[in-house]
S.K.: 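Sending over a structure as structure tokens; questions will come in a sec.
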Amino acid sequence: MSVSFSASNNAGLREEARGQVRVMTATVEPTIIQEPPLSVPARLSLAPTGSSPGLLDGAWWPRSRDLLREIPTLTDALDACWGRITHVTVNPTHWPVIPRKVPVTGHTVRVGWFAAEQDPNKVILLSYTVGRLDLLVIPPETDPAAAARLMAAATVPPGLRTASGLMADEAISHDTADTQGREEEWETDGGAASTAGAAIGISTSTLRR
């Protein structure tokens with residue numbers, strides 16, 4: 001946006017310049033106000049305080065595979081109830097981009113990765129003052145019912161299942177439920193009765209021959 005304004009000449013100017021008007025132009029850039037991002041609470045479940053230590057300390061259900069977006073939400077929740085997170089390690093299998101540092105509230109978290117040494121379905125959180133947390137990472141696209149089962153399984157002491165083991169258990173349970181659902185639907189639609197009727201018809205035809 002351009003703003004123009006005029007200034008009259010000083011009394012000391014030469015006579016021939018007297019009465020002239022000098023025009024000055026200034027350019028003013030529009031002010032851009034950025035709204036802060038909405039704070040979304042972390043979907044997190046931790047094992048009860050004082051419970052027997054296991055292979056996992058809880059579960060985390062992120063909303064995306066973007067660590068720059070997800071880590072600040074996670075640390076905000078944990079800083080208040082557990083301790084300040086200083087380092088995070090992941091397996092790169094399920095994380096397309098791994099930043100070296102992530103700015104969070106009040107400090108910066110360093111991020112590392114281990115391809116062979118760390119379970120691909122687990123995140124490790126480190127704190128200088130408190131210690132370490134191992135969390136199952138529930139895929140963002142998981143349906144709420146399955147996510148609830150996984151969160152419960154990851155927090156039941158003594159927690160002898162690995163992160164990948166719990167994911168495999170859930171996959172088997174899901175497949176079993178699908179099979180049972182199809183069988184119940186088949187029964188509801190009269191599948192057994194239809195099959196029995198067909199068999200009787202075949203037997204009758206055979207006897208008449």
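For clarity, every value in this text was computed on a predicted model and none was experimentally measured. Only this structure's heavy atoms are used, side chains among them; waters, hydrogens and symmetry mates stay out.
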S.K.: Is Val137 linked to Leu55 within one hydrophobic cluster, defined over Ile, Leu, Val, Met, Phe, Trp and Tyr using a side-chain heavy-atom separation of less than 4.5 Å?
M.R.: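 No, it is not one cluster - the side chains of Val137 and Leu55 are not joined through contacts under 4.5 Å.
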S.K.: Within a strict 4.5 Å, meaning less than it, do heavy atoms of the Leu133 and Leu78 side chains meet?
M.R.: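 Counting from C-beta outward, Leu133 and Leu78 do come under 4.5 Å.
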S.K.: List in chain and number order the residues that pass side chain to side chain contact (heavy atoms under 4.5 Å, CB included) with Ala80, two or more places apart in sequence or in another chain; answer none if no residue qualifies.
M.R.: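 By the side chain to side chain contact (heavy atoms under 4.5 Å, CB included) rule, Ala80 matches no residue at all.
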S.K.: For the atom pair CH2 (Trp61) and CG (Leu44), what is the distance rounded to the nearest 0.5 Å?
M.R.: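 It is 13.0 Å, given to the nearest 0.5 Å.
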S.K.: What distance separates Asp76 CG from Cys81 SG, expressed to the nearest 0.5 Å?
M.R.: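 Rounded to the nearest 0.5 Å, the CG-SG separation comes to 11.0 Å.
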S.K.: Are any side-chain N or O atoms of Glu170 and backbone N or O atoms of Leu150, one a donor and one an acceptor, separated by less than 3.5 Å?
M.R.: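 No, Glu170 side chain to Leu150 backbone: no donor-acceptor pair under 3.5 Å.
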S.K.: Which distance, rounded to the nearest 0.5 Å, do you find between the OG1 of Thr75 and the CG of Leu125?
M.R.: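 Answer for the OG1-CG pair, Thr75 versus Leu125, is 9.0 Å.
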S.K.: Rounded to the nearest 0.5 Å, how far does NE2 of His107 lie from CZ of Arg84?
M.R.: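 If we round to the nearest 0.5 Å, Arg84:CZ and His107:NE2 are 5.0 Å apart.
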S.K.: Does any donor atom in the side chain of Ser64 or Asp66 lie under 3.5 Å from an acceptor atom in the other side chain?
M.R.: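 Asp66 and Ser64 do not have a side-chain donor-acceptor pair below 3.5 Å.
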S.K.: Rounded to the nearest 0.5 Å, what separation is found between the NE2 atom of His87 and the OH atom of Tyr128?
M.R.: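 Here the interatomic distance stands at 4.0 Å.
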S.K.: Got a donor-acceptor contact below 3.5 angstrom from the Asp134 side chain to the Asp57 backbone?
M.R.: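 Side chain of Asp134 to backbone of Asp57, a donor-acceptor pair under 3.5 Å: no, none is there.
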S.K.: Using every non-hydrogen atom in the two residues, find where Ala47 and Ser51 come nearest and quote the distance to one decimal.
M.R.: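 Smallest interatomic distance, heavy atoms only, reads CB-OG, 3.9 Å.
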S.K.: Mind checking whether Pro139 and Met167 have side chains closer than 4.5 Å, heavy atoms only?
M.R.: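 A side-chain contact exists here, since the closest heavy-atom pair is under 4.5 Å.
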S.K.: Hey, are the side chains of Arg110 and Val102 touching, using non-hydrogen atoms and a 4.5 Å cut-off?
M.R.: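 Not touching, per the 4.5 Å side-chain cut-off.
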S.K.: Does any non-hydrogen side-chain atom of Asp79 lie less than 4.5 Å from one of Ile85?
M.R.: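 Yes; the side chains approach each other to less than 4.5 Å.
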S.K.: Using a 4.5 Å cut-off on heavy atoms from C-beta on, say whether the side chain of Val88 contacts that of Ile71.
M.R.: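 Side-chain contact under 4.5 Å: yes.
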S.K.: Any idea how Trp60 and Trp95 line up, ring-wise: parallel (<30°), tilted (30 to 60°), or perpendicular (>60°)?
M.R.: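 Answer is parallel, since the angle falls under 30°.
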S.K.: To the nearest 0.5 Å, how far apart are OG1 in Thr162 and NZ in Lys122?
M.R.: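 It is 8.5 Å, given to the nearest 0.5 Å.
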S.K.: Please determine whether side-chain contact (heavy atoms from CB on, under 4.5 Å) holds for the pair Val109 and Lys101, giving the CA-CA distance in whole Å, both sets of side-chain angles, and the decisive distance to 0.1 Å.
M.R.: CA-CA 6 Å; Val109 172; Lys101 297 179 180 179; over 6 Å; no
S.K.: Of all heavy-atom pairs between Ala77 and Ala42, which one has the smallest distance, and what is that distance?
M.R.: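 Closest heavy-atom pair between Ala77 and Ala42: CB-CB, 4.1 Å.
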S.K.: Tell me the closest heavy-atom pair linking Leu136 and Ala154, and the distance in Å.
M.R.: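 Looking at all heavy atoms of both residues, the closest pair is CD2-CB, 4.2 Å.
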S.K.: Would you name the heavy atoms of Thr155 and Pro157 that are closest together and state the gap between them?
M.R.: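 So the two residues come closest at O-CD, 3.2 Å.
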S.K.: Under a 4.5 Å side-chain heavy-atom rule over Ile, Leu, Val, Met, Phe, Trp and Tyr, are Val123 and Leu68 clustered together?
M.R.: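 In one cluster: yes.
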S.K.: Are any side-chain N or O atoms of Ser127 and backbone N or O atoms of Gly83, one a donor and one an acceptor, separated by less than 3.5 Å?
M.R.: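 Not at all, since once roles are kept as given, no pair shorter than 3.5 Å links the two residues.
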S.K.: With a 4.5 Å cut-off on side-chain heavy-atom distances among I, L, V, M, F, W and Y, is there a chain of contacts connecting Val156 to Leu135?
M.R.: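 No, Val156 and Leu135 fall in different hydrophobic clusters.
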S.K.: Do Met151 and Ile138 have side-chain heavy atoms sitting under 4.5 Å apart?
M.R.: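 Touching, per the 4.5 Å side-chain cut-off.
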S.K.: If two hydrophobic side chains count as joined below 4.5 Å and joins carry through other members, does Leu126 share a cluster with Trp113?
M.R.: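 In one cluster with Leu126: Trp113, no.
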S.K.: Applying side chain to side chain contact (heavy atoms under 4.5 Å, CB included), name anything that partners His94, two or more places apart in sequence or on another chain.
M.R.: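 Expected list: Arg65, Pro120, Asn121.
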S.K.: So Asp169 and Arg161, do their side chains get closer than 4.5 Å, heavy atoms only?
M.R.: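 In contact.
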S.K.: With no hydrogens and no angle check, is any side-chain donor or acceptor of Asn91 less than 3.5 Å from a backbone partner on Asp119?
M.R.: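 No, the answer is negative, given that no donor and acceptor are paired below the 3.5 Å cut-off.
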S.K.: Report yes if some heavy atom in the side chain of Leu56 is under 4.5 Å from a heavy atom in the side chain of Leu166; otherwise report no.
M.R.: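 Sidechains of Leu166 and Leu56: in contact.
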S.K.: Side-chain heavy atoms nearer than 4.5 Å, only ILVMFWY residues, links allowed to pass through others: does that put Val130 and Leu46 together?
M.R.: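 Cluster IDs for Val130 and Leu46 match.
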